[in-house]
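Each chain gets a letter, A, B and so on, in the order its sequence line appears, and its residues count up from 1. For the numbers below, each heavy atom of this structure counts, side chains included, while hydrogens, waters and symmetry mates do not.
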Number of protein chains: 2
Amino acid sequence: MDRTDGTGSGAGPARGREATRERILASARELFTDEGYGAVSSRKIAAHAGVNVALINRYFGAKRGLLTEILREDGVFPGLIEGDRGSLTRRLAEHAVSRLHGEGTALQRALDHSAGDPDLQAVYQGRITSALIDPLEAYLGGGSDARAHASLIAVVMLGLTRVRLVEGATALRAQEREDLTRRVEAILDLCLTDFHEE
Amino acid sequence: MDRTDGTGSGAGPARGREATRERILASARELFTDEGYGAVSSRKIAAHAGVNVALINRYFGAKRGLLTEILREDGVFPGLIEGDRGSLTRRLAEHAVSRLHGEGTALQRALDHSAGDPDLQAVYQGRITSALIDPLEAYLGGGSDARAHASLIAVVMLGLTRVRLVEGATALRAQEREDLTRRVEAILDLCLTDFHEE
DNA sequence: TGGTATAGGTAAACGCTGTTGACCTTGTCA
DNA sequence: TGACAAGGTCAACAGCGTTTACCTATACCA
């Protein structure tokens with residue numbers, strides 16, 4: 001009936017559904033990392049994987065399916081929205097500032113640049129919601145305003161990415177790093193305080 | 001030598017360089033407003049203007065030139081970065097919250113959705129810098145950290161747009177409007193305080 | 001052992017995009 | 001009348017994401 005992905009017989013690249021899928025995915029990841037989503041065409045990915053173009057759509061539905069698959073594998077803010085509640089904003093601030101300085105994996109940096117692509121709007125929409133806002137809401141305890149607080153956090157986190165993308169954020173990166181981190185932390189704390197107290 | 005844009009002789013649409021340019025621009029503005037930048041093709045704009053496609057590139061260099069021209073005509077935050085300094089953040093907060101609620105001109109709303117288009121990155125980069133960060137820096141008096149403060153303001157303003165775009169910001173729009181405005185105002189104030197005081 | 005169904009892969013086309021270069025037409029001036 | 005130039009058109013180019021029809025080689029079953 002089916003080889004269930006036996007590793008070929010030695011000659012030529014591995015065949016079989018799973019092996020091919022994986023080869024396409026690996027090529028996409030590598031090329032997206034180096035050149036960004038928009039700059040890499042389906043044909044280029046296929047050529048790099050030594051595979052026909054049509055297979056991309058066969059296995060992943062469409063080009064954006066490749067990115068969806070890649071993104072599924074790693075979270076947006078791994079390890080940040082868990083653990084001690086008191087230092088949540090500190091962790092988020094440190095992460096945001098490090099991203100501002102171009103740290104993080106090459107893939108993360110590349111995908112920041114692709115975040116605005118109209119073709120990817122639905123992909124990023126799902127990602128921001130499911131990997132940032134939803135977990136934050138749950139982490140914050142689910143009070144009536146928890147989701148609004150989570151959204152405000154997202155405003156700052158996404159805003160920082162966008163300003164870096166669109167303007168370079170030179171002035172921010174020129175600040176003493178600890179000063180900037182503390183400032184972002186304070187802003188994030190303000191995002192989390194009760195809307196009605198004063 | 002040249003008619004210098006006389007208004008034709010009556011029959012058919014107006015001819016002449018300036019009239020044609022204006023007709024293309026008007027069509028682009030209308031279509032961008034209704035459908036967004038990415039969804040409108042050069043050929044569609046040309047057809048709507050009753051003009052050959054090639055003229056778009058002749059007069060505006062490329063499709064993005066149309067948007068550049070349109071954006072040149074109205075500022076990003078008209079009237080906000082001037083006047084009383086004490087209420088700057090209040091004005092900005094009110095503006096941001098109104099945008100969150102889908103207010104503002106139809107063109108502004110449409111262009112928010114196009115802000116991430118890779119083809120427009122340079123256009124928006126110039127716009128954010130020259131119409132938001134630069135004026136803010138000047139308005140703030142040009143102290144050594146003025147540009148960093150302006151950048152932080154931009155973080156919040158752009159972040160709000162992005163969260164609305166990508167997530168809908170339902171939870172934020174569900175907040176009592178005055179509460180949310182005051183919160184954003186407080187956050188913006190925090191963006192403007194000295195980095196080194198504590 | 002032979003026949004067949006099927007999974008996996010390929011080639012070629014479709015319709016679309018933004019853009020460009022060669023051509024033509026029209027009006028003006030010498 | 002002839003030359004010139006501005007304004008406009010047509011047709012093509014190269015590329016994109018995607019789809020359809022076809023081929024091939026394997027695995028199973030009679």
Side-chain angles (χ1 to χ4, degrees), chain A residues 1-24 27-28 31-32 35-68 114 117-123, chain B residues 1-24 27-28 31-32 35-68 114 117-123:
Chain A
M1 189 210 276
D2 181 57
R3 275 186 309 169
T4 320
D5 186 35
T7 52
S9 49
R15 295 218 147 205
R17 184 176 183 85
E18 219 44 50
T20 304
R21 237 189 81 100
E22 215 48 53
R23 220 139 38 83
I24 295 173
S27 294
L31 292 171
F32 287 165
E35 313 177 27
Y37 178 82
V40 179
S41 72
S42 300
R43 284 170 178 82
K44 191 166 189 172
I45 297 169
H48 187 276
V51 141
N52 191 279
V53 207
L55 290 188
I56 291 180
N57 296 293
R58 177 186 294 288
Y59 286 141
F60 300 95
K63 185 190 173 190
R64 85 176 66 85
L66 280 170
L67 193 64
T68 308
S114 308
D117 198 306
D119 186 43
L120 299 180
Q121 185 164 333
V123 176
Chain B
M1 188 213 273
D2 181 58
R3 277 184 307 165
T4 323
D5 186 36
T7 53
S9 47
R15 295 219 146 203
R17 185 177 184 83
E18 217 46 48
T20 303
R21 236 188 83 102
E22 215 49 51
R23 222 139 36 82
I24 295 174
S27 294
L31 292 172
F32 287 165
E35 312 178 27
Y37 178 83
V40 180
S41 72
S42 300
R43 282 170 178 81
K44 193 166 189 172
I45 297 169
H48 187 278
V51 141
N52 192 278
V53 207
L55 290 187
I56 291 180
N57 296 292
R58 179 185 292 290
Y59 286 140
F60 300 95
K63 186 190 173 190
R64 86 176 64 86
L66 279 169
L67 193 64
T68 309
S114 307
D117 199 306
D119 184 44
L120 299 180
Q121 185 163 335
V123 176

Backbone N/O of A/Tyr37 and side chain of A/Lys63: donor-acceptor pair under 3.5 Å: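 The answer is yes, because a donor-acceptor pair under 3.5 Å joins these two groups.
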Any donor-acceptor N/O pair, B/Arg64 side chain to B/Leu120 backbone, under 3.5 Å: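 Not a single qualifying donor-acceptor pair exists.
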Side chain of [X] only, please: which of [options] is the nearest?
{"X": "A/Ala54", "options": "D/dC16, D/dG8, C/dT10", "answer": "C/dT10"}
{"X": "B/Leu55", "options": "D/dG8, C/dG8, C/dA11", "answer": "D/dG8"}
{"X": "B/Ser41", "options": "C/dT17, D/dT19, D/dT9", "answer": "C/dT17"}
{"X": "A/Arg43", "options": "D/dC10, C/dG18, D/dC16", "answer": "D/dC16"}

Roughly, in whole Å, what's the span from [atom1] in [X] to [atom2] in [N]?
{"X": "A/Lys44", "N": "D/dA14", "atom1": "NZ", "atom2": "P", "value": "18 Å"}
{"X": "A/Lys63", "N": "D/dG15", "atom1": "NZ", "atom2": "C1'", "value": "12 Å"}
{"X": "A/Asp119", "N": "D/dG17", "atom1": "CG", "atom2": "P", "value": "9 Å"}
{"X": "A/Arg17", "N": "D/dA25", "atom1": "CZ", "atom2": "C1'", "value": "17 Å"}
{"X": "A/Ile56", "N": "D/dT18", "atom1": "CD1", "atom2": "C1'", "value": "11 Å"}
{"X": "B/Phe60", "N": "C/dG18", "atom1": "CZ", "atom2": "C1'", "value": "16 Å"}
{"X": "B/Arg21", "N": "D/dA6", "atom1": "CZ", "atom2": "C1'", "value": "16 Å"}
{"X": "A/Leu66", "N": "D/dT18", "atom1": "CG", "atom2": "C1'", "value": "13 Å"}

D/dG7 OP1/OP2 closer than 4.0 Å to side-chain N/O of B/Thr20: no
Side-chain N,O (B/Asn57) to OP1/OP2 (C/dT19) below 4.0 Å: yes
Side chain to side chain, B/Phe32 and B/Ile45, heavy atoms closer than 4.5 Å: yes
Heavy-atom pair with the smallest gap, counting every atom of A/Asn52 and A/Ala46: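 It is C-CB, 3.9 Å.
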Taking every non-hydrogen atom, the tightest pair across B/Asp117 and B/Gly38: OD2-CA, 4.2 Å
Base C/dG9 paired with A/Arg58 side chain (donor-acceptor, <3.5 Å): yes
First of B/Val53 and A/Ser42 reached from the 5' end of DNA chain D, by closest nucleotide: B/Val53
Touch class at under 4.0 angstrom, heavy-atom based, for A/Tyr59 against every strand present: sugar-phosphate
